[in-house]
Amino acid sequence: MPENEQIADKRDGGGKIKKQSSGRQLVVTVFLLALATKMFLLPIFLIRAAGRDGYIVLAIGAGIDLLSLGAMLAAMFMSKDTDFFTMLESVIGKIATKIVIVLFTLFLFFKMNIAANETLTFYSDNVFAEFDSAIMVIVLLIFLAAVANHTLRALCRLNELLVPLVVVGIGILIAITAVTGFDFGNIMPTMRKPSEFGDAVTRHGSWLGDFTPLALFIGRTDLKKRTAVAASVSGVIGTSVVLFFSMVMCAAFGNLPTYVDSTTNISNILQFSVGNVYGRIDLFSSILWSVAAFVETALFFYATCRCVAYVIGRNSHFGIALGVCAATYFTQVFAMSDPTIFSLLMSNRWTSAISLAFTVAVPSAAVLCGAISARRGQKTAVKDNG
């Protein structure tokens with residue numbers, strides 16, 4: 001069997017890849033990716049760096065991600081029946097594609113560890129404060145390994161089942177902030193400290209690239225005429241939710257950066273902001289909402305495993321998942337468990353530049369290769385008809 005058929009999902013009788021995702025599932029996935037990790041620690045880092053202007057920095061990053069989403073959706077429509085790996089191979093060759101995918105795998109692994117760390121931080125600080133974090137990592141990895149041993153279709157179905165919980169959680173959080181009220185005039189005027197704002201922009205790009213796992217949806221999604229519009233709107237809505245909470249936090253904490261540390265999350269901030277008048281309802285709603293972070297972690301883990309399968313030319317689900325789990329455990333326990341180390345890793349120009357490069361390069365490469373493949377297909381059709 002050819003290598004591409006080994007590492008791809010099952011194909012139909014005509015050699016085309018069977019669709020693993022519906023248009024609706026793609027829309028749901030885009031929504032979850034748009035808001036998952038950008039609502040955890042990023043606003044806090046930005047408040048510490050840029051004060052009341054933190055939400056503007058987040059808006060710039062979200063705008064870049066939305067542009068990458070648009071490019072990724074364009075690539076899906078250009079290559080409806082060819083997967084990402086085959087599309088790259090047809091343009092740059094098998095060896096060059098493997099080199100590119102190795103780099104892409106490292107980026108996916110890096111992003112997956114960010115999502116995993118933020119998820120573990122939330123639960124270790126709020127839900128299981130006295131639970132050994134090393135054991136929590138193992139529980140998370142068991143879930144991720146189970147995901148990696150299934151197809152993209154199963155993961156998409158899981159997204160459909162979980163998104164109502166996320167919507168309920170977000171609804172409760174918005175209701176709390178709306179009833180309590182915030183003085184959004186607190187974020188004005190903007191650009192009080194331009195130098196700090198510029199520094200925040202260049203140092204917090206590590207949270208970019210949330211839509212890069214969508215590369216695996218290329219050629220595997222059953223696209224309809226309005227899928228692109230619906231997915232784009234979904235991404236904008238998810239981003240708007242993130243920006244709303246970011247503005248709330250900047251209005252409440254923009255002049256108090258010393259009170260915000262790297263382990264604080266949205267639940268703590270909302271609890272402080274509403275003055276405890278609602279008890280810990282914020283914790284309950286945040287747990288529902290944090291499902292989105294699990295989904296994003298799972299998507300990046302799944303994408304990492306699929307890329308590894310392509311590079312080695314074998315679709316050994318269990319073995320690959322086990323290897324990625326071992327690497328993730330080592331990274332989480334020995335490299336990212338210290339909040340100071342995590343803060344330094346996530347707030348430096350090198351990681352920001354690398355994340356920005358992949359955020360731009362992956363969808364751009366997908367669009368370029370998709371356009372070249374489509375043009376070749378048209379030329380072939382013309383010759384056949386001639």
Given the rule in the side chain to side chain contact (heavy atoms under 4.5 Å, CB included) test, do F107 and S355 qualify, once you have shown the distances and angles that lead to the verdict?
-> CA-CA 8 Å; F107 175 70; S355 295; 4.0 Å; yes
L214/F211 under side chain to side chain contact (heavy atoms under 4.5 Å, CB included): CA gap, chis, key distance, verdict | CA-CA 6 Å; L214 294 180; F211 295 116; 4.0 Å; yes
Check the pair S68, T212 against side chain to side chain contact (heavy atoms under 4.5 Å, CB included), reporting the backbone distance first and the verdict last.
-> CA-CA 8 Å; S68 73; T212 47; over 6 Å; no
Take S240 and V236, measure what side chain to side chain contact (heavy atoms under 4.5 Å, CB included) needs, and give me the verdict at the end.
-> CA-CA 6 Å; S240 298; V236 170; 4.0 Å; yes
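At a threshold of 4.0 Å, the pair R349-D199 counts as salt-bridged, since one of the basic side-chain nitrogens sits closer than that to a carboxylate oxygen. Salt bridge D65/K38: present, at least one basic N to carboxylate O contact under 4.0 Å.
Of the possible polar contacts, none joining the S347 side chain to the R203 backbone as a donor-acceptor pair under 3.5 Å is found. With S21 contributing its side chain and T221 its backbone, the two residues share no donor-acceptor pair below 3.5 Å.
In this structure, S206 and T351 approach most closely via the heavy-atom pair OG-OG1, 3.0 Å.
The salt bridge (charged side-chain N to carboxylate O under 4.0 Å, His left out) test applied to K111 returns D210, not counting sequence neighbours.
Note that R52 lies outside the cation-pi zone of Y55, set by a 6.0 Å cut-off to the ring centre and a 45° limit from the axis.
Relative ring orientation between Y329 and F334 is described as perpendicular, the plane-to-plane angle rising above 60° on a 0-90° scale split at 30° and 60°.
The closest side-chain donor-acceptor pair between Q332 and N113 falls under 3.5 angstrom.
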